[in-house]
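Below, chain A is the first sequence line, B the second, and so on; all start at residue 1. The analysis underlying the following values was restricted to heavy atoms, covering all of them including side chains, and did not include hydrogens, waters or symmetry mates. Quick caveat, the model's predicted, so the values are computed rather than measured.
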2 protein chains.
Amino acid sequence: MDKKKAKKLEMRGWKIGDASDFLGLTQEESVYVDLKVALALKLRDQRKRKRLTQTALAQAIGSSQSRIAKMEAGDPTVSLDLLVKSLLTLGLTGKEIGETLIGGKNG
Amino acid sequence: MDKKKAKKLEMRGWKIGDASDFLGLTQEESVYVDLKVALALKLRDQRKRKRLTQTALAQAIGSSQSRIAKMEAGDPTVSLDLLVKSLLTLGLTGKEIGETLIGGKNG
DNA sequence: TGATTTTATGTCATATTCGACATTTCATCA
DNA sequence: TGATGAAATGTCGAATATGACATAAAATCA
């Protein structure tokens, strides 16, 4: 199992249980994934709070529905940059983004 | 002046004064830049605290001296991902990274 | 139930970011 | 002063992330 696949699987894991450390992930990799998951959850939360579809949000941030879905799923091909920019477009402040990171399960 | 150049100039600005909003930057862009600057400053701070040269840090994170320099300078070609991964390698926790974002000048 | 909307997943060409390298600028010190 | 190590800057081909698109799967509702 290659590293990318392992990450993808771990990220999917949080849907069912908690984001736990997994096969072959170093400490940093694990925390990095946790940070991404925290932002991903926040994105979905904020989108739903605003009653936007993925398609509507995609338009707002100049992206596509599939990319929003991948963001929210924690797909390994989405960057922190895109997640952060999306949250900023949804109106979050830098402070709130920092708090989101602190709130997530990360060591 | 294209947007990329404007960002680069703004990011350099913090060396002299404060990171201020600039020509043609939207609110989100401005906050995004501020977040990057906060991480960039933290990276330099942590590197110096550990008495590492840019070259030494580059080896530690599997990168190059020039990329470290660009990170610390807030160069627009460096991603949040690389900054965050670097800070994690330096031993920061997710909590500390969140606090770094909160600490920075961002609305 | 079936129709309709929303979300998930896979792929692709393009754009962006990457490490590496060369070179320049800056700082430190003998 | 010049020598030496560190940091800054520019450029490259390679690697990765991007929006777009097609389509499958799920959810919502009449």
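Between B:Met71 and B:Arg44 there is no side-chain heavy-atom pair separated by less than 4.5 Å.
Distance, B:Met71 CE to D:dA7 P: 13 Å, rounded to whole Å. Across the protein-nucleic acid pair, B:Leu83 atom CG and C:dT16 atom C1' stand 15 Å apart, rounded to whole Å. Following rounding to the nearest Å, B:Gln59 (CD) and C:dG19 (P) show an atom-to-atom distance of 14 Å. The CG-P distance, from B:Asp81 to C:dG19, rounds to 11 Å in whole Å. When rounded to the nearest whole Å, the span between CZ of A:Arg47 and C1' of C:dT7 equals 8 Å. Atom P of nucleotide C:dA8 and atom CD of A:Glu72 are separated by 6 Å, given to the nearest angstrom. When the P atom of C:dT5 is taken as reference, atom CD of A:Gln54 falls 16 Å away, rounded to whole Å. Whole-Å rounding puts the A:Leu82 CG to C:dT17 P distance at 11 Å.
Summarising the geometry of A:Gly94 relative to B:Val31, their closest heavy-atom pair is N-CG1, 4.0 Å, with the distance given to 0.1 Å. Of all non-hydrogen atoms in A:Lys95 and B:Ile102, the two that sit nearest each other are O-CG1, 3.6 Å.
Residues from residues 61-70 of chain B placing a heavy atom under 4.0 Å of any atom in DNA chain D, listed by number, are B:Gln65, B:Ser66, B:Ala69, B:Lys70.
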**OP:** Applying salt bridge (Lys or Arg N to Asp or Glu O under 4.0 Å), run through A:Asp81 and A:Lys85 and close with a yes or a no.
**Re:** CA-CA 6 Å; A:Asp81 296 74; A:Lys85 285 178 181 172; 5.4 Å; no

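Between A:Arg51 and C:dT6 there is no side-chain N or O to OP1 or OP2 distance below 4.0 Å. Of the side-chain N and O atoms in B:Arg44, one or more sit less than 4.0 angstrom from OP1 or OP2 of D:dA8.
Between A:Leu39 and the choices A:Asp34, A:Leu87, A:Val78, the side-chain contact (heavy atoms from CB on, under 4.5 Å) rule is met once, by A:Leu87. Each of A:Val84, A:Leu92, A:Leu88 was evaluated against B:Glu28; a single residue qualifies, A:Leu88, per the side-chain contact (heavy atoms from CB on, under 4.5 Å) test.
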